Every structure is written in C-alpha cells, then in structure tokens.
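Inspection log for the structure reproduced underneath, given as structure tokens.
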There are 2 protein chains.
Amino acid sequence: MERKSTNIRQEEIKAAVLSIIFRDGLKKVSTKNIAKEVGISEGSIFRHFKSKKEIILAIMDDVINDLIEDLRRTSLENSPPADRLYNYLCKTVTYLIENKGITILLFSEASYENDNEMITKLNYIFNSQKQLAVKIISDGIAMGLWDEAVPVTDFATLYMGIPLSLNIEMVLSREKFERNNFCKRMYDLILKILKKS
Amino acid sequence: MERKSTNIRQEEIKAAVLSIIFRDGLKKVSTKNIAKEVGISEGSIFRHFKSKKEIILAIMDDVINDLIEDLRRTSLENSPPADRLYNYLCKTVTYLIENKGITILLFSEASYENDNEMITKLNYIFNSQKQLAVKIISDGIAMGLWDEAVPVTDFATLYMGIPLSLNIEMVLSREKFERNNFCKRMYDLILKILKKS
DNA sequence: TAACTTTGCAAGCAATTATTTACTTATGGA
DNA sequence: TCCATAAGTAAATAATTGCTTGCAAAGTTA
C-alpha cells in the first residue's frame with residue numbers, strides 16, 4: 001500500500017485519463033479504468049478529485065495554463081509578426097502532438113457531455129487561440145507587412161481549422177500521421193493569404 | 001398503438017438521434033431516450049435496427065449517399081474549377097448547417113467509441129472530401145488557372161479545416177453562429193492561395 | 001509515544017446502459 | 001375470412017456507471 005500525496009496522484013490520474021483516451025477512446029474513461037491505469041483502487045480516485053468531471057476540468061485548466069499562456073506570450077512578443085505567427089502555429093501543433101489524448105478530449109468530450117462548465121472552458125481555449133492569432137495578423141497589417149484587405153476574423157477561423165484538421169487526422173490514423181514539417185507546410189500556405197498582391 | 005413500416009421507423013429513429021445530439025448532446029443518445037423521442041417503446045427500436053451501433057452506422061451511410069455523392073458529382077463536372085470549388089465548399093457548409101446533429105456525430109462519436117467500423121466510415125467520408133477537393137484544384141492548375149506551386153494535398157488539409165471550424169463554432173454557440181456568407185467568406189480566403197502571383 | 005490527518009482499500013450503492021424475453025395485436029395478401 | 005408476418009409492448013436481463021461507506025494503516029506533528 002504505497003502512499004503518495006494528492007498533488008502527485010492528481011497528476012497521475014490526469015495522465016491516465018489522457019493515455020486511456022488515446023489508446024482506447026473516450027468511452028473507456030471510466031473511474032474503474034482510470035484506477036486500474038494508475039494502479040490504485042477506484043475509491044481512491046475520489047480522495048483526490050471530488051468527481052470525474054473535476055478531472056476533465058482540471059485537464060482543461062492545464063491546457064489553459066500551459067498552452068494558452070505560452071501562446072499568449074508568443075503573440076505579444078515584439079519580434080516580427082511573421083516569426084511570431086510561425087512560432088505560434090508550431091507551438092500549437094507541437095503541443096497537440098505531444099499531448100495526444102488532449103485533442104480528442106477537447107473536441108469530443110464537451111460535445112458529448114454538453115456540460116455548460118466544460119463548454120465554457122472549451123470556448124475560452126478556442127477563442128483565446130483565435131483572438132491571439134488576430135493580434136499577430138493585425139500587428140502585421142498595421143506594420144504594413146501584410147495585405148490590409150484580409151478579413152482578420154475570417155482568417156482566424158480558417159487558421160483554427162489547422163489544429164482541428166490535425167486532430168481529425170490523428171484520430172483517423174492514430175500513430176502513423178505524417179507530422180513532418182506539418183506546421184511549416186501549413187504556415188507557407190496561409191502566409192500566401194496575408195501577402196500583399 | 002399506431003404501426004408503421006420498418007422503413008419509416010428507421011428514418012424516424014435516425015432523425016431522433018440527430019435531434020437528441022443537437023439538443024442535449026451525444027451522452028443523451030440512449031435507446032431509452034431515442035424511444036421516447038420517436039414515441040415508441042425501447043424494445044421496438046430493436047425491431048428496426050439490430051443494435052444501437054447500427055443506427056449510427058446507418059446515419060453515416062446517409063452522409064455518404066447524400067453529401068459525399070453530391071460532392072463527387074460537383075467535383076467531376078466540367079464547369080470552371082473556380083465555380084466548382086465554390087459550389088463544392090458551399091454544398092458542404094449548407095449540409096452541415098442543415099443537418100445539425102451530424103457534425104457532432106461524425107467528429108465526436110468515432111473518437112468516443114473508438115470503434116473500427118465507425119472509424120473506417122469516418123475515414124472514408126473525410127478522405128473522399130479531401131480527394132475530391134484535390135481533383136478540383138489539380139484541374140485548375142492543369143488548365144493554367146491556378147498557381148502550380150501550390151502543394152495540393154496540403155491545401156486539401158487546410159481546406160478540410162473549414163467544415164471542422166464550422167463544426168466547433170456550432171458546438172460552442174449552438175444557435176447563434178454567424179453563418180451568413182460563411183462559405184463565400186472562406187472561399188475568398190482560400191482562393192488567394194491558389195492565385196498566380 | 002500519542003494524537004491526528006491523509007491515503008488507501010473492499011464492498012456496496014442506486015441509477016443507467018443496451019439488449020432479450022415472452023407475449024399481444026395490427027396489417028396485408030391468399 | 002383466414003393467417004402468417006411485422007410491429008408493438010412491459011418487464012427482466014446482466015453489465016457498467018459514478019460515487020459513498022466503513023474501516024485500516026501509513027505519515028506527520030506534537
């Protein structure tokens with residue numbers, strides 16, 4: 001009966017959830033299976049989280065604290081907008097590839113549960129990414145580097161399709177997705193929209 | 001005790017599933033709730049479908065027969081590629097907006113269940129759309145209308161982000177999504193990538 | 001050492017799941 | 001009109017769900 005602190009167990013539980021999602025699908029994320037994955041009893045899970053929903057919300061908070069805050073910093077740098085946009089996109093892609101279960105959790109769990117708290121968090125994650133992208137593009141246009149005729153919010157909607165496409169490709173072909181230079185290839189494409197003609 | 005033929009009940013059951021998904025979320029799609037929505041007993045459902053999974057697969061088949069086959073026709077027309085691309089995109093967008101539950105079903109249920117048969121069908125739906133888009137773009141390039149330097153498969157990946165973005169926007173803001181001219185706006189953006197410089 | 005808190009477990013909870021059962025009744029062609 | 005078939009039901013099925021309980025033992029602080 002090895003004992004670990006709640007902090008550690010919380011991390012183990014969140015990691016277990018993501019592993020199960022990526023390996024077996026969202027349906028298999030039951031408290032019973034989480035317990036088995038961590039190596040503790042089912043009841044113990046409720047020592048560290050008050051409900052299953054709290055686990056999911058905690059993972060979404062991790063995304064906000066890790067990814068979104070990192071993206072915010074990138075977006076607000078004062079390096080050239082082109083560099084910022086490239087880093088911005090690649091950081092997102094890298095994060096999604098390295099935290100595999102997260103993409104499925106984000107884009108499926110909220111529409112599965114239809115839970116208000118989850119949808120609010122997902123909305124924040126999604127719209128933050130959009131708005132921070134808008135910031136970079138607006139800067140580039142204001143600096144006279146990019147085409148001022150580009151509708152920035154529409155562009156941001158199209159931009160958000162990139163991580164979403166990546167997500168679906170990963171769901172459909174789990175391991176063998178061709179991620180080589182994925183962000184560079186997508187970056188080159190969208191840059192053409194921004195270029196002055 | 002009104003009685004209807006299996007054909008009719010199957011349509012009612014599929015429609016009920018989509019209604020429940022859009023109104024209450026995927027989680028509420030239980031045989032009990034489907035029965036209530038249709039107005040029959042739970043057991044009756046199994047007179048018309050051999051399992052719940054068969055209902056989902058039947059809806060996916062509808063997408064293949066209705067949307068994908070329509071897109072195939074559009075893609076293979078011999079009208080100008082620009083017209084074809086515009087119609088192609090708008091048909092997809094219109095279909096997704098008019099069949100609300102379908103977007104959630106397609107992009108969430110497969111990753112929820114992690115079922116091979118479902119993933120195979122989703123893969124077919126997704127890749128057909130991609131390949132048919134590739135066909136239109138390749139035609140445009142071959143006719144000397146568009147930039148031959150555009151990497152067509154990368155472009156198709158970016159293109160697929162459009163329906164995916166639409167899906168997420170609809171999940172996040174159910175009714176009040178600004179769908180006005182959505183396809184025209186997205187079309188104008190991606191056309192800039194294709195234009196010769 | 002004593003007292004207290006935290007972490008652990010096995011067992012049990014009520015609720016829900018998809019599906020099957022055994023039986024009834026309506027419909028449509030002979 | 002007869003009768004097989006198709007379409008309906010209520011109720012029971014076994015399995016699973018998230019979560020709670022009661023109690024034991026490990027860690028921490030005094």
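Note that this is a predicted model, so its numbers are computed, not measured. Chain letters run A, B, ... following the sequence lines, proteins first and then strands; every chain starts at 1.
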Looking at Glu42(A) and dC9(C), is any side-chain donor or acceptor paired with a base atom of the opposite kind under 3.5 Å? no
Looking at dA6(D), I'd like to know if its phosphate oxygens (OP1 or OP2) sit under 4.0 Å from a side-chain N or O belonging to Arg9(B). no
Measure the distance from CD1 on Ile13(B) to P on dT19(C) and round it to the nearest whole Å. 12 Å
Output yes when Lys196(A) and Glu148(A) qualify as a salt bridge under the 4.0 Å nitrogen-oxygen rule, no when they do not. no
Salt bridge between Glu113(B) and Lys52(B), side-chain N to carboxylate O under 4.0 Å? no
Counting side-chain heavy atoms from CB outward, which of dC19(D), dC9(C), dT19(C) is closest to Phe46(B)? dT19(C)
With a 4.0 Å cut-off on heavy atoms, is Lys4(B) in touch with a base, just the backbone sugar-phosphate, or nothing at all? sugar-phosphate
By nearest heavy atom, map Lys27(A) and Arg47(A) onto DNA chain D; which one lands nearer the 5' end? Lys27(A)
Calculate the interatomic distance between Lys32(A) atom NZ and dC13(C) atom P; express it in whole Å. 17 Å
Any side-chain N or O of Ser41(A) below 4.0 angstrom from OP1/OP2 of dA10(C)? no
Applying a 4.0 Å non-hydrogen cut-off, can you work out what Thr31(B) is touching in the nucleic acid: base, sugar-phosphate, or nothing? base
Does the side chain of Ser30(A) get closer than 4.0 angstrom to OP1 or OP2 of dT16(D) through an N or O atom? no
Is the distance from OP1 or OP2 of dT6(C) to the nearest side-chain N or O of His48(A) less than 4.0 Å? no
By the definition salt bridge (charged side-chain N to carboxylate O under 4.0 Å, His left out), identify the one residue from Asp115(A), Asp62(A), Asp61(A) that meets it with Lys121(A). Asp61(A)
Regarding the side chain of Ser51(B), the nearest nucleotide among dT19(C), dA10(D), dG22(D) is dT19(C)
To the nearest Å, how far apart are Ile20(A) CD1 and dG18(D) C1'? 14 Å
May I ask you to say what Ile45(A) touches in the nucleic acid, namely base, sugar-phosphate or nothing, with a heavy-atom cut-off under 4.0 Å? nothing
Which nucleotide in the set dA18(C), dC9(C), dC19(D) lies at the smallest distance from any side-chain heavy atom of Lys52(A)? dC19(D)
Find out whether the Lys NZ or Arg CZ of Lys27(B) is both under 6.0 angstrom from the six-membered ring centre of Tyr112(A) and within 45° of the ring's axis. no
Decide yes or no on salt bridge (Lys or Arg N to Asp or Glu O under 4.0 Å) for Asp147(B) and Lys195(B), but give the supporting numbers first. CA-CA 6 Å; Asp147(B) 184 359; Lys195(B) 279 216 179 100; over 6 Å; no
